[in-house]
Amino acid sequence: MEMTATGSQPNGELMALRHRMRHSAAHVMADAVIQLFPEAQIGIGPSTDEGFYYDFQVSRPFTPEDLESIQSLMMEAIAHDQPFQKDVISREQANDMFREQQFKLEIIHDIPEYEELSTYTHGRFVDLCQGPHVESTGKIAAVKLLNVAGAYWRGDEKRPMLQRIYGTAFESQDALDQFLHMLEEAEKRDHRRLGKQLDLFGIHEDIGPGLITWHPKGGRIRSIVQAYWQELHDEHNYDVVYSPHVGKARLWETSGHLDFYRDSMFSPNDVDGNEYYLKPMNCPFHIMIYRSALRSYRELPIRYAELGTVYRYERSGVLHGLMRVRGFTQDDAHIFCLPEQVEDEVLGVLDMTFELLSTFGFSDYSISLSTKPEKHVGNEEMWQHATDSLARALARRSLQYGIDEGGGAFYGPKIDIKIKDALGREWQCTTVQFDFNLPDRFDLAFQGADGGQHRPYMVHRAIMGSVERFVGVLLEHYGGAFPLWLSPVQAQVIPIADRHLEYASKVKARLRGSHIRGEVDSRNERMNQIEKVPYMLVVGDSEMGSDTASVRLRTGENLGPVGIDTLIERMNDEIIRKA
RNA sequence: GCCGGCGUAGCUCAGCGGUAGAGCAGCGGUUUCGUAAACCGCAGGUCAAGGGUUCGAAUCCCCUCGCCGGCUCCA
């Protein structure tokens, strides 16, 4: 559904082989589970881009020991190199064959009559399956079971919860080991771990889950990101606005949030007999600003931007570090414009987006265009025009994208951009959404050249998505080693002995005088390597005598003694280039 | 919210029925040393909260809260 704009995916043939192998591994696993748990009801067992899984309903939860036993049985099946045999069967045969398997029966029931049913058999295990598979179990070169998790049957929380076992398989032990190594690397880059290690932010039980405190170093990073955001928006002619964190029930009634979004909102507060809600979105406030005066077509487009902190109730099980929280700051903007301006406005947003992404070193992303869902507001022409505008803007920048048919919001079509971090994981950040709903609800208008009142087009957009998530993505992307311009501490001055302390302080003062964030580390233990400080300046007798510092970079590169002025110049140059 | 796992000092973790330990960080001394962790000492914990079983619970059971992996949902 989504296409990768640029990328370093394994080639199609290899991916296809992996998918076949993983799918086969899923069968082998199901076979093993049924041997150990004859009562097991089996769900589905597909391959994925990273591995495979199979869902089971068993009398008790799987334990880690079960996984080991299952894996051993799988290894036996693989050693026996059992062939996979495909058979086309009739509906009657299928219903009979799987009469003990309620989930399979349901699947059979849901397959349209005109479609062929087939089974794949290896050893004594038969599964309803379209394939394809590898020729025999022996072709599964390297396999490993990873973990167990609960999963609703058919992803529906009203249906039974099954036990899902995840595993992966590769064409060689080497490739599997590489994958496992990558998982370890990913763990080291986990923003929650780095956030703690680098003392950037905190989440405290007594404050509340999903609520972030930014510690000084994280706060520094955030403020730099925000300053850059401000610059970018100045360049692109946005007006920055501010709005409060709460608003009266009446506002949310008009916007429709109390009807459609209430479950995601914090409970109201009573103030002087009025109910006030914490804002889950900024739009109604920006709309009130728009409505504060009669608008002329000459004023359009109007672009209101705000780093607006919103609060949403997220179910406890979905919270995740900075990526998924209950209070977050959207880099929000609302564009009010004429229909004929819309395409250029979207183009402007795309240009800003890619300017920002390249500044932070992201080159891998995927773009999707989501079109009209069944339930929607607004008329056909509006949807068509808006969707075309989005597509044309993408085409004008030669951007590849996938189409998510019917995936738009009920109030308008949208473009979403997911960023891939350094480990290939995707995070939704940028979103550009048309809104045919709120302008009506708030009766937005402008006076046209014809003297009549007209409804403006309204576009929501966020580029970083939320500052919290974006910094989280940055942390993982850089593995905590922020480029110089973003580093909370840019240079750590390290005196050799106490008699060098005074000189170290002077060096620090000179750095600070040139707007470089320097610190003196007078501790005995030097933890700077762990703290990922980009420049480490060692000062001892010889440096003190020559107005220099011995420079070691975070990368391990040693520059030897460098004059302080030269160093400041070099660093400032690097900072300006955001290198 | 649901399924499973987990919750011991600021951090990483050991202890898993007899009443709390290590390393790092912190503090005080000593050392003044060339590019991540010097030496000696000190302090730090109602073992997430509450309830129960037991002569005795960090260790077993229940419940609440929180975290982790998924499912669902999403910036």
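Heavy-atom basis, side chains included; hydrogens, waters and symmetry copies ignored. Just so it is clear: chains get the letters A, B, ... in the order the sequence lines come, proteins before strands, and each one is counted from 1.
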| field | Any donor-acceptor N/O pair under 3.5 Å between B:G34 base and A:S550 side chain | value |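 Answer is yes: a donor-acceptor pair is held.
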| query | B:G1 phosphate, OP1 or OP2: any side-chain N/O from A:S316 under 4.0 angstrom? | reply |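 Affirmative; the distance criterion is met.
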Pairs under 3.5 angstrom only: tabulate donor-acceptor contacts from the side chains of residues 429-436 of chain A to other protein residues two or more places apart or in another chain.
| residue | atom | partner | partner atom | Å |
| --- | --- | --- | --- | --- |
| A:T430 | OG1 | A:I463 | O | 2.7 |
| A:T431 | OG1 | A:D416 | OD1 | 2.8 |
| A:T431 | OG1 | A:Q433 | NE2 | 3.1 |
| A:Q433 | OE1 | A:Y411 | OH | 2.6 |
| A:D435 | OD1 | A:N437 | N | 2.6 |
| A:D435 | OD1 | A:L438 | N | 2.9 |
| A:D435 | OD2 | A:H460 | NE2 | 2.6 |

Applying side-chain hydrogen bond (donor to acceptor under 3.5 Å, both in side chains), can you list everything that pairs with [X], at least two apart in sequence or on another chain?
X      : answer
A:K188 : A:E185
A:S546 : A:T548
A:H320 : A:R192
A:N558 : none

| Is it the case that A:R222 and A:T329 place a side-chain donor and acceptor less than 3.5 Å from each other? |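 Short answer, yes.
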| query | Atom CD1 of A:I494 to atom P of B:A36: distance rounded to whole Å? | reply |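 My rounded result for the distance is 8 Å.
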[M] and [N], which share atom name [atom1], separated by this distance in whole Å:
N     : M     : atom1 : answer
B:A20 : B:G56 : C1'   : 16 Å
B:G21 : B:C47 : C1'   : 11 Å
B:C42 : B:A49 : P     : 28 Å

| query | A:D55: what forms a salt bridge (Lys or Arg N to Asp or Glu O under 4.0 Å) with it, not counting sequence neighbours? | reply |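 So A:D55 forms a salt bridge (Lys or Arg N to Asp or Glu O under 4.0 Å) with A:R164.
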| task | Summarise how protein sits on nucleotides 68-75 of chain B as a single string, 5' to 3': B when a protein heavy atom is under 4.0 Å from the base, S for sugar-phosphate-only contact, - for no contact. | result | SBBBBBBB
| query | Do any pairs count as a salt bridge (Lys or Arg N to Asp or Glu O under 4.0 Å) and have a residue in residues 193-206 of chain A, sequence neighbours left out, and if so which ones? | reply |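 Passing the test, one end in residues 193-206 of chain A: no pairs.
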| field | Sorted by number, the residues of residues 193-226 of chain A with heavy-atom contact under 4.0 Å to RNA chain B | value |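 Contacting residues: A:K196, A:E205, A:P209.
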